[in-house]
Structure formats: structure tokens, C-alpha cells
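Here's the structure we're looking at; comments come further down.
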Amino acid sequence: MIQHRVAVLPGDGIGPEVIAVARRCVEAAGRRFGFETDWDERTVGGTAIDAVGMPLPPDTLEACRAADAVLLGAVGGPQWDHPSARVRPEDALLGLRSALELFANLRPVVSHPALDAASPLRPEVRAGADLLIVRELTGGLYFGRPQGRSVTDGVEWVVDTLHYTRPEIERIVELAFELAEGRHGHLTSVDKANVLASSRLWREVTDEISARHPSVTLEHALVDSTAYLLLTQPTRYDVIVTENLFGDILSDEAAAIAGSLGLLASASLGTRVTDTGRFGMYEPVHGSAPGIAGRGLANPLATVASAALMLRLSLGEADAADALDTAVDEAIAHGPRTADLGGDDGTEAVASFLLARIEARAEVPA
Ligand code: IPM
Ligand code: MG
């Protein structure tokens, strides 16, 4: 029996609740499709700050390095949010991304017709939207140095740096072209080339790589107009590739197309190739939702969809991934709904619905 090694980091707030559901879904798929999962559970974020004084303890990072994939819930909460805090839960995310070299963040966005009422966009605007945001995750403004604040001649100043090397741009853009080849063959590279030097190199590199992918049509677009077009004409996009901060902003904006931030899944891929795929970290795009934590109200769909990405991209379990994706689609179409989707069902009702679908109980004659 194949045994997959997954480091699991439930984290803070609703993290443990949604991770528990995703684990049960993966186990159920394993029983059906013939694999086992060895879960190595570790602390991260605020929970780790409380336990050992740091958001990303060394044993957590080691467990991630030793695994085929990482499944993460969410980090953060008001109790760790003091402006003067020395360490923050979010530092764990940046630490993991950088230490594990997770340079490519994939955020798929699909408009399910059943969620027309949950989206602020008119049904005819969002109908058929199906796009993939490929966000560079280990460079740009998040990691560029110098960064910080100082005082010169009595005047306070701050600096952040938007830094990219050519190889960093090449690897993310190359991956985006490959992903576009497997989808509808259209790539939009988003930048601010009318102002930023980094964007001008980004465009140059993208044009060069484009020559190696003749089946993909490439368009360059500015980030400000993309922010507008994403909501006015979401169906014109297939794959979008962009710099770290632009991708952070555009991917939250794109959640409005899906209908709820509670639905968006993400994969952060590294450079390491495993026996079954590519090493990566998988997490819902939403945060730790401290306001509803521990009350059984959290929407687990984004985490289950993230686990499906993990099965597909890191663990080589495409059938199991399909089973989870189908279960999530059916839950959205006619299953129980949590409050973020306009329903009043709890996490457990959604979990039972998903498990019945994944175990294919509906197909068993009564
Ligand atoms: C995200 C989040 C993080 C980011 C924060 C929590 C550091 O917004 O994953 O999109 O900015 O990357
Ligand atoms: Mg974000």
C-alpha cells in the first residue's frame, strides 16, 4: 500500500476545524483508491507562539522538509496582533514559503452557478468564469531588502524593496506557460511596466519564454486596469501570472467572482520533485476567522479543495483528487451551506455530505 507523508499544520482559529474535515476526506479517498496517509501534525502560527515562543518552530519546519506535502489551516488572531509584537503568526507563512522555496502560488477561481446570490457580480458577468492566478511567492516586495524604518536628521523614513532576479522571473513565468498549455492556452502577465523597472524585466523575460510556447497566446496587462477588468469581464481570463504583492491583491479580489473567500483553495509549489509529484504546501486562501472559531460554523470547502490540489499535484492521486473536487462541487450545488454561503448549516453537516460522496455511498444500491 502506498504511504504518503503529509505534514499537517492546523494553526489558529478555525484552522483545526477545517483541517480535521480535510483529513477525514483524504482518508476516505485513501480507503476507496488504495493509499494511506501518514499525518505528521505540528504547531504553527499563534498556537506555536503560545507553546514555544515562535511562530515557526524548528521541528515544524523539519517535518515539512521530510514530507511529500504540507497541509496548512490558517494562522493569526487578535490575541497576537499587538502593533509592538516581536513575533507574529503570519511570520510563519513567510518563513515556510522562503525556507521551503515555495515560489509558485496557484489560486484557482471558478464561478459556480449555484452561488449567483453569494457573488456581488451579476450572473451574466460571472457566468463561465474559470481562471487560475499564478502568484510569485518568494520574491518581490515581500522579501526584498532593504526593508524597515529609520530616522535621518530627525525625519522618520521607511523602505520596502521590489527585487527580482532573472531566474526568479523565469521559473514562475515558465510554470505559468505550462499551466496555460494544460488549460485554455491563454496567459495574461500582469505588471506595472509603465512605472516599475522590475516590471520591465518581467515583460522582457515573459516575451522570451513565450517563444518556447507557441500554442499559448500571451497578453501583457497593467495591474490597475486588470483590477478593473477582473470584475467587469472575468471570463476573458484563463491563467494570470504576476508579482507577489499584485497576486496577493488580485487573488482576494477574484474571490468575489467565486462568491466567497470561503471557497478558494491554494497550492504553493516548490522546486523539489518527489516520487509522486512536486513538493508543495496547500492551504485555504481565507484566514483564521477568530470570530467563529471553535463553534462548528466554519466552511471547510476551501480546505478540502486545497487537499484535492495536494492529492493531484504532490501525491499523484488524480482519482482521489477528482473525488474530493466532485464532492465539493456537489456540496456547492445542492449540499448543506455554511453562513458565508448564505446558509445556516454547520461544519459537520458539510463534512458528512462530503464523506458520503467521497465514499460513493450514494452509488450503493439501498
Ligand atoms: C495570503 C495572505 C498572506 C500574504 C499574509 C497573511 C501574510 O494574505 O496568503 O494571501 O500576504 O501572502
Ligand atoms: Mg492575501
Side-chain angles (χ1 to χ4, degrees), residues 9-15 18-19 44-49 54-56 60-61 64 70-83 85-109 131-144 147-148 160-164 168 172 190 223 226-227 230-231 240-258 260-270 280-291 293 302-303 305-307 309-310 340:
L9 320 180
D12 309 324
I14 60 170
V18 291
I19 284 289
V44 76
T47 315
I49 294 177
M54 52 187 127
L56 180 57
T60 298
L61 184 56
C64 294
V70 181
L71 187 62
L72 185 142
V75 297
Q79 64 269 54
W80 303 287
D81 243 359
H82 320 284
R86 200 180 40 82
V87 284
R88 301 174 164 277
E90 291 79 6
D91 296 343
L93 285 183
L94 300 190
L96 283 163
R97 290 171 186 174
S98 139
L100 301 172
E101 243 194 293
L102 302 170
F103 71 95
N105 184 219
L106 278 46
R107 296 185 167 180
V109 178
L131 55 110
L132 174 66
I133 297 181
V134 180
R135 166 189 178 193
E136 201 291 326
L137 203 58
T138 49
L141 276 167
Y142 277 58
F143 293 97
Q147 180 184 65
D160 289 289
T161 303
L162 207 176
H163 179 278
Y164 273 110
E168 283 175 325
I172 187 75
V190 175
V223 64
T226 303
L230 201 51
L231 293 188
I240 292 177
V241 64
T242 190
E243 183 271 336
N244 202 342
L245 181 65
F246 297 161
D248 178 47
I249 298 168
L250 293 180
S251 60
D252 269 26
E253 187 193 0
I257 303 167
S260 163
L261 208 46
L263 292 177
L264 291 207
S266 82
S268 301
L269 300 180
M281 180 166 93
Y282 301 83
E283 56 178 312
V285 173
H286 63 68
S288 61
T303 312
S306 301
L309 285 169
M310 171 178 86
D340 56 306

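In this chain, numbering begins with 1 at the start of the sequence shown. Both backbone and side-chain heavy atoms feed into the values below; hydrogens, waters and symmetry mates do not. Atoms within a ligand are numbered from 1 in the order they appear, just like the ligands themselves.
If you number the atoms of ligand 1 from 1 as listed, the ones under 4.0 Å from a heavy atom of Arg135 come out as 1 (C), 4 (C), 9 (O), 10 (O), 11 (O), 12 (O). Listed by number with element, the atoms of ligand 1 under 4.0 angstrom from any heavy atom of Glu90 are 6 (C).
Between the side chain of Arg88 and the main chain of His82, a donor-acceptor pair closer than 3.5 Å is present. Asp160 places no side-chain N or O within donor-acceptor distance of the main-chain N or O of Gln147, the cut-off being under 3.5 Å. In this structure a side-chain-to-backbone donor-acceptor pair under 3.5 Å is present from Thr242 to Val190. The main-chain N or O of Glu283 is found under 3.5 Å from a side-chain atom of Ser266 such that the two form a donor-acceptor pair. Not one N or O on the side chain of Thr60 forms a donor-acceptor pair closer than 3.5 Å with the backbone of Leu56.
Using a 4.0 Å cut-off between heavy atoms, Glu283 makes no contact with ligand 1 at all.
Closest to atom 3 (C) of ligand 1 among all protein heavy atoms lies Arg97 NH2, 4.0 Å. Atom 5 (C) of ligand 1 has its closest protein heavy atom at Leu93 CD1, 4.4 Å. Closest to atom 1 (C) of ligand 1 among all protein heavy atoms lies Arg107 NH2, 3.3 Å. Closest protein heavy atom to atom 4 (C) of ligand 1: Tyr142 OH, 3.4 Å. The nearest heavy-atom contact from the protein to atom 8 (O) of ligand 1 is Asp248 OD1, 3.2 Å.
Among the heteroatoms counted here (N, O or S) of Asp248, OD1 is the one nearest to the Mg ion (ligand 2).
Pairing each heavy atom of Ile257 with each of Leu230, the nearest pair is CD1-O, 3.6 Å. Contact between Val75 and Gly45 at its shortest, heavy atoms only, is CG1-CA, 3.8 Å.
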